[in-house]
Amino acid sequence: DEDELFHTGEECIDRVAEAASMETIGNSLFRLIGHFSQQDSWQAKHAALAAVKQTVEYVEEQGHVDEMARLLLSHVDHPHPRVRFTALHGLGQLANDQSPHFQETSHLQVMPVLTRKMDDQVDRVAAMAMSAFVSFGEELDNSLMAGYARPLMEKLVMKLNTSQHRGVREEAITSIAVIAGVMEKDFVQYYDSIMPMLKQFVMTATSKKENRLRGKSFECMSLLGIAVGKEKFLNDAKEAIAAMMNTQVEADDVQREYIKEASERICTCLKKDFAQFLPPLLPGIFRNLRLDEMHAPAAAGNVDDDDDSYVQVQTGDGKYVRVHTEKFQDMMQSVQLLHTFVTEMEGGYFEAIPETAKVLLPLLTAREEYTMLCDEVRGTALQVWSLLIKSARLGAQERGQPNAMAKELLGTGLQAVFGQLEQNQETDFLHEISSGIAECIKNVGPGVLSNEEVRTLTSRVFALMDQSLARSAKHANEEAKNKQEASHLPQELHGGDEDDDEQGPAADEDQLRRNYEEILGAMMKVSPAEFLPCLPQCAERIQHWVATKENKVLGLYLVCDLLDHLKEHSESAWPIFMPKIFESIFDADADARTAAAYAVNLAAPLPKFAEAAPEVFKALAKLLSAPKPKKREEKAKVAMDNAVAAMLSMLKDKGQLCPPDLQAWDLALSKLPIKDDCEEAKKVHEKVIDMVLQQNQGLLGAENRNLGKVLSILAEIYKQEEICSKECDDKILKIFKGIPQNVLVSAASNFSEKQQKKIEKMLHS
């Protein structure tokens, strides 16, 4: 029918934009959008707006984004509801794909429109206005949301009280949750009026059609708890957990995921105080994870091969059980819940560790017929195992006990997992269970692994790497043979270029070897002295790997771990890898650039690196002066972030060796803050904050000429938890409160509207 054709057309536009790029199709696309939007028929306008919605994520130039926003806004009051609906849908998509620029530059125009359209006479359009607000509001800064919260909350509460449309009520609840999430502690003024309404929905929305509404109520309750904190939320958390536990859900009930995620958020809010809920929650979770309770034992080989709904699993003690594939979904949800509980409670989970480990161990040792289902559960179970090790270590410290339980868990986990790794050649299987080993070792802490254990583990890891390299070589030979055979076929019979799936095996093996390398890095971190005898073996491997295109990145990351954990004790191997680091700063492969920049970052504090400093400064300056990566070049953006981090470390530790003509500080500041490599961003921003507190004159410049720019960076990252830690937030607050008012006024021209509001809020906190 026509709707199906319309949606097919939308998908085709999306695929063309992704494949051909906006540079190729942009002019034609914008001309067609303009042509259709100017026609009188609602169908033509609808098509134009749908094209905007489908392609806005690929648009790079902000001027084009602004034009698209204006077109969408101009149609939110069109007489036809489908045009209004699509215009609002497009605004929501624009908010998702072009944040935070769209929110920061257009909130004065967009927020009043979305608030007004929540009263649209057509309920589906009103619900879409709320949905668009959810997308827009999630990335709206706290300081800007404060100006819109009260009228919005009044509107949303009114909708909850008066509307009988299920979609309107669902989106109203989600909108309230977004406001709470953005406002955090400031939402407490609304809490006492909203929480009783949510409880009422939980009690009364009991029909099957209202499952999503009830699930969203649980979701909103948990988000309100995160916003206002555990002191305010604790009593309501008890009611929420009790209601969720009393909810009977079917396998396909949408409430399942809402309840799981709400439980996780409540744990995140309460931390160790969540312990009171473990006794009623854990038995059900453990029941879902016990393989032998899922089905009666079956004789080996007695499985119907044609029945895809069952998987035969051999438990650790040799028994065979048939498990329905739906059960693996329950298992995954349960192991994910454990992951959250142990992560958030840390030492507070100590008493539950023995029973949890007893339940998880069979998952680490179980074998099953070829399926990814159990592998995914096993991989997550190993991550939980690593968290149990951390919980055991911290719990023992808090109780004044020795680290015996953590050490025992590490030994048991490594024995189980290495047994699996060394007996299996399936890359997917190996990838899933290898990803948690490094964390197991890191979490046990220092002083546990002996010299002999480190040596043995290192040899076993290198043996596993050799197996992976052999599989990659075999696959490459098969690919070359297939291409050679295909070259003799007529052109029309060629398969064409390899697609992503055909490239999968090589990429999977690359990631597997990175997992193995991280195990080596983990051993270096917790046992650097014990690892030193393995340095020659590592240097030999590095020499071979960095000489090849396929394994260069692997070798560079092993270099990074040597520099990070062995520091100056790695210097004997520097002649082998330092030239390759400098060469790789400009590598065509973004992953190699990232690894090389990270290596420079780690080497910068080491005294011997002074010899290379002037040339490294020149190389980094050249790299940072290159054009900015495009929006969709994710790896290139991460590489650029790491180059900024490397430059900042060089300036901090080797600044006196920077050639004076480079203007390196200005170059580094022009790239801050960094946002694409979140882990590195936190470290970089902490370094900048500490340098401000230390009155670093290189950073601040002569007569503090860089102060305005630096303060704008600090205001920008403040309360941005993905790129700035809570400890850094406290330091930023201290910095701003210590600056004289006249200095802030003189620097005001450097601040955006959002930054000014954030600074005002800081000063009045």
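Here the side chain of R399 pairs a donor or acceptor atom with the backbone of G395 at under 3.5 angstrom. A donor-acceptor pair under 3.5 Å links the side-chain atoms of Q420 to the main chain of L364, judged by distance alone. Although no hydrogens or angles enter the test, the distance criterion places no donor-acceptor pair under 3.5 Å between the side chain of R212 and the main chain of V254. Counting only distance, with no hydrogens or angles, the side chain of N403 and the backbone of V444 share a donor-acceptor pair below 3.5 Å.
For K358, the side chain to side chain contact (heavy atoms under 4.5 Å, CB included) criterion is met by E355, not counting sequence neighbours.
Counting heavy-atom neighbours within 6.0 Å of E679 CD, excluding the residue itself, gives a total of 12 or less. Counting non-hydrogen atoms of neighbouring residues, nucleotides and ligands closer than 6.0 angstrom, the CE atom of M203 reaches no more than 12 such neighbours. Residue K271 qualifies as enclosed at atom NZ: its count of foreign heavy atoms under 6.0 Å is above 12. More than 12 heavy atoms of other residues, nucleotides or ligands sit less than 6.0 Å from atom NZ of K199. The environment of Q397 atom CD is dense: over 12 non-hydrogen atoms of other residues, nucleotides or ligands sit within 6.0 angstrom. Annotation: E398, atom CD; neighbour count of heavy atoms from other residues, nucleotides and ligands within 6.0 Å is above 12.
At a cut-off of 3.5 Å, with distance as the only test, no side-chain donor of S386 or E439 sits close to an acceptor on the other residue. Side-chain contact annotation: N235 with E239, donor-acceptor N/O pair under 3.5 Å absent. E452 and T456 form a side-chain donor-acceptor contact under 3.5 Å, judged by distance and modelled atom types alone. At a cut-off of 3.5 Å, with distance as the only test, a side-chain donor of Q333 or E257 sits close to an acceptor on the other residue. In summary, the side chains of K682 and S725 do not present any donor paired with an acceptor at a separation below 3.5 Å, with no hydrogens or angles considered.
Taking a cutoff of 4.0 Å between a charged side-chain nitrogen and a carboxylate oxygen, D330 and K260 do not qualify as a salt bridge.
Separating the CD1 atom in I519 from the CZ atom in F418 is a distance of 4.5 Å, to the nearest 0.5 Å. To the nearest 0.5 Å, atoms CG (L414) and SG (C440) are separated by 6.5 Å.
Under a cutoff of 6.0 Å and an axis angle of 45°, R514 and Y557 form a cation-pi pair.
Between F341 and Y349, the distance from one ring center to the other does not fall under 6.0 angstrom.
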